[in-house]
Q: 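If you scroll down you'll find the structure; I have some questions about it.
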Amino acid sequence: MEKDAKIYVAGHSGLVGTAIVRMLREQGYKNLLLRTSSELDLRRQADVEAFFERERPRVVILAAARVGGIWANMNNPAPFFYDNMMIQLNVVHAAWRFGAERLLFVSSSCSYPRMCPQPMKEEYILTGVPEPTNETYAIAKISGMKMIEAYHRQYGVRFFSVIFPNLFGCNGILFNHESPRRGETFVTRKITRAATRIKVGLQEKVFMGNMEAKRDWGFAGDYVEAMWLMLQQDEPDDYVVATGETHSVREFTEKVFQKLGLDWRAHVEIDPRYYRPTEVDVLLGDASKARKKLGWTPKVGFEALIDMMVAADLEQAQKEKTLKDAGFTCEPKRILS
Ligand SMILES: NC(=O)c1ccc[n+]([C@@H]2O[C@H](COP(=O)([O-])OP(=O)(O)OC[C@H]3O[C@@H](n4cnc5c(N)ncnc54)[C@H](OP(=O)(O)O)[C@@H]3O)[C@@H](O)[C@H]2O)c1
């Protein structure tokens with residue numbers, strides 16, 4: 001694709017969007033269209049249509065969504081449905097109407113049925129009912145994927161969907177303590193933050209609920225590379241992008257504390273008040289199609305990801321400690337989704 005192609009990244013300020021923008025800039029794409037939700041609320045059809053009519057982006061990457069963890073999903077089923085449906089209905093339709101050549105819709109492994117066979121393949125979507133705790137989010141995501149499929153089938157446009165599992169980033173946004181809203185990463189964020197704060201003497205304990213759920217965690221930077229390879233294919237298809245490995249929250253916790261030279265058993269307390277419904281016990285993606293057809297492989301493994309997160313949070317904890325020692329109160333907001 002030419003380096004001056006006009007590319008609209010919807011949701012550029014989020015975890016996934018930040019990684020996309022970084023990758024595109026590194027590759028020399030300069031003509032990026034970026035709008036925050038306060039500049040352009042994608043739930044408003046007239047505003048979205050006016051924007052697309054004026055700007056006519058050639059490529060659209062739809063990473064704008066209402067995203068959150070189990071707790072947020074359980075307590076906000078209406079906005080998780082409304083916001084996600086409206087955003088995707090407006091953006092996909094306007095992209096088609098105003099001539100976008102390619103569009104990529106970011107979906108989530110939450111779209112899979114609760115009892116999905118593991119590892120999850122592209123074709124398992126809609127083979128069962130979703131997990132009840134994030135039902136409306138899942139139904140919105142499935143609808144988005146079906147919308148993409150329908151527009152491709154009927155209008156021949158190159159519109160794609162990609163299914164990501166839980167993601168981690170290391171690009172600034174994940175470490176924005178003022179904006180702890182990225183639910184799927186909250187449990188592990190809570191651990192790295194607590195462990196690094198314990199390390200510098202800012203706290204002593206962290207209270208956890210269920211630590212046995214296993215997830216397929218990947219690095220956002222790796223995943224957006226797969227997404228970009230997809231977007232350049234001529235024949236649209238859905239792809240699962242995943243590491244193909246799972247690790248439990250317990251395993252993650254042990255490693256984080258170990259890397260800081262601490263014994264996690266001395267600092268982690270299991271407290272039933274922090275138990276959330278377990279959701280699905282294991283979520284493992286099968287990325288064999290992405291590996292085979294796109295030639296994609298993730299570069300950042302589980303250990304390296306933890307190293308990045310611990311390093312970034314340790315730096316933050318040290319700053320907090322310096323401020324506290326100087327007499328300033330700098331208590332970060334609690335991260336509990
Ligand atoms: N994070 C994960 O682990 C994960 C895993 C699988 C799939 N995904 C998928 O990846 C996509 C992005 O997720 P994320 O983790 O990057 O989310 P995020 O960090 O919460 O970012 C959400 C983005 O959406 C934008 N947005 C939200 N509501 C909007 C609205 N009404 N109008 C315009 N923009 C709006 C936000 O813009 P402002 O900041 O300007 O409000 C922000 O840029 C989602 O589709 C999600 O389902 C994420």
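Residue numbers run from 1 in the order of the sequence given. All ligand and atom numbering here is 1-based and tracks the order in the structure. Basis for what follows: all heavy atoms, side chains included, without hydrogens, waters or symmetry-related copies.
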Q: Quick check against the 3.5 Å criterion: does Lys255 have a side-chain atom that pairs as donor or acceptor with the backbone of Ile306?
A: no
Q: Run the contact test for Tyr137 against ligand 1 with a 4.0 Å cut-off on heavy atoms, strictly below, and give the result.
A: yes
Q: What about Tyr124 and Tyr112, are their ring centers closer than 6.0 Å?
A: no
Q: Determine the minimum heavy-atom distance between Asp263 and His267, stating which atoms define it.
A: O-CD2, 3.3 Å
Q: Taking the six-membered ring where the residue is Trp, are the ring centres of Phe302 and His247 under 6.0 Å apart?
A: yes
Q: Does the salt bridge (Lys or Arg N to Asp or Glu O under 4.0 Å) test come out yes or no for Lys259 and Glu254, once each step is laid out?
A: CA-CA 9 Å; Lys259 284 180 190 293; Glu254 284 175 15; over 6 Å; no
Q: With a 6.0 Å cut-off on ring centres, are Phe252 and Trp264 close enough?
A: no
Q: Do the side chain of Arg44 and the main chain of Asp41 share a donor and acceptor less than 3.5 angstrom apart?
A: no
Q: Under 4.0 Å, counting heavy atoms only: does Leu62 come that close to any atom of ligand 1?
A: no
Q: Between Ser109 and ligand 1, find which residue part has any heavy-atom pair under 4.0 Å and reply side chain, backbone, both or neither.
A: neither
Q: With heavy-atom distances below 4.0 Å as the criterion, list the atoms of ligand 1 near Thr36.
A: 40 (O)
Q: Under 4.0 Å from a heavy atom of Phe164: give me the atoms of ligand 1 that qualify, with their elements.
A: 6 (C), 7 (C)
Q: Non-hydrogen atoms of Asp83 versus ligand 1: any pair closer than 4.0 Å?
A: no
Q: Considering Val67, Thr18, Asp41 one by one, which has a heavy atom nearer to atom 13 (O) of ligand 1 than any of the others?
A: Val67
Q: Out of Val16, Asp47, Leu42, who is nearest to atom 48 (C) of ligand 1 when you count heavy atoms only?
A: Val16
Q: Which of these, Ala64, Gly17, Ala65, has its nearest heavy atom closest to atom 22 (C) of ligand 1?
A: Ala65
Q: Non-hydrogen atoms of Lys141 versus ligand 1: any pair closer than 4.0 Å?
A: yes
Q: Between Tyr239 and Phe160, is the ring centroid distance below 6.0 Å?
A: no
Q: Counting from 1, what ligand 1 atoms have a heavy atom of Leu40 closer than 4.0 Å?
A: 32 (N), 33 (C)
Q: Examine ligand 1 and decide if any of its atoms is less than 4.0 Å from a heavy atom belonging to Arg43.
A: yes
Q: Assert yes or no for the condition that the ring centre distance of Trp228 to Tyr29 is strictly below 6.0 Å.
A: yes
Q: So is Ser108 polar-close to ligand 1, meaning N/O to N/O under 3.5 Å?
A: no
Q: Taking only heavy atoms of Ser107, which atoms of ligand 1 are found under 4.0 Å from at least one of them?
A: 7 (C)
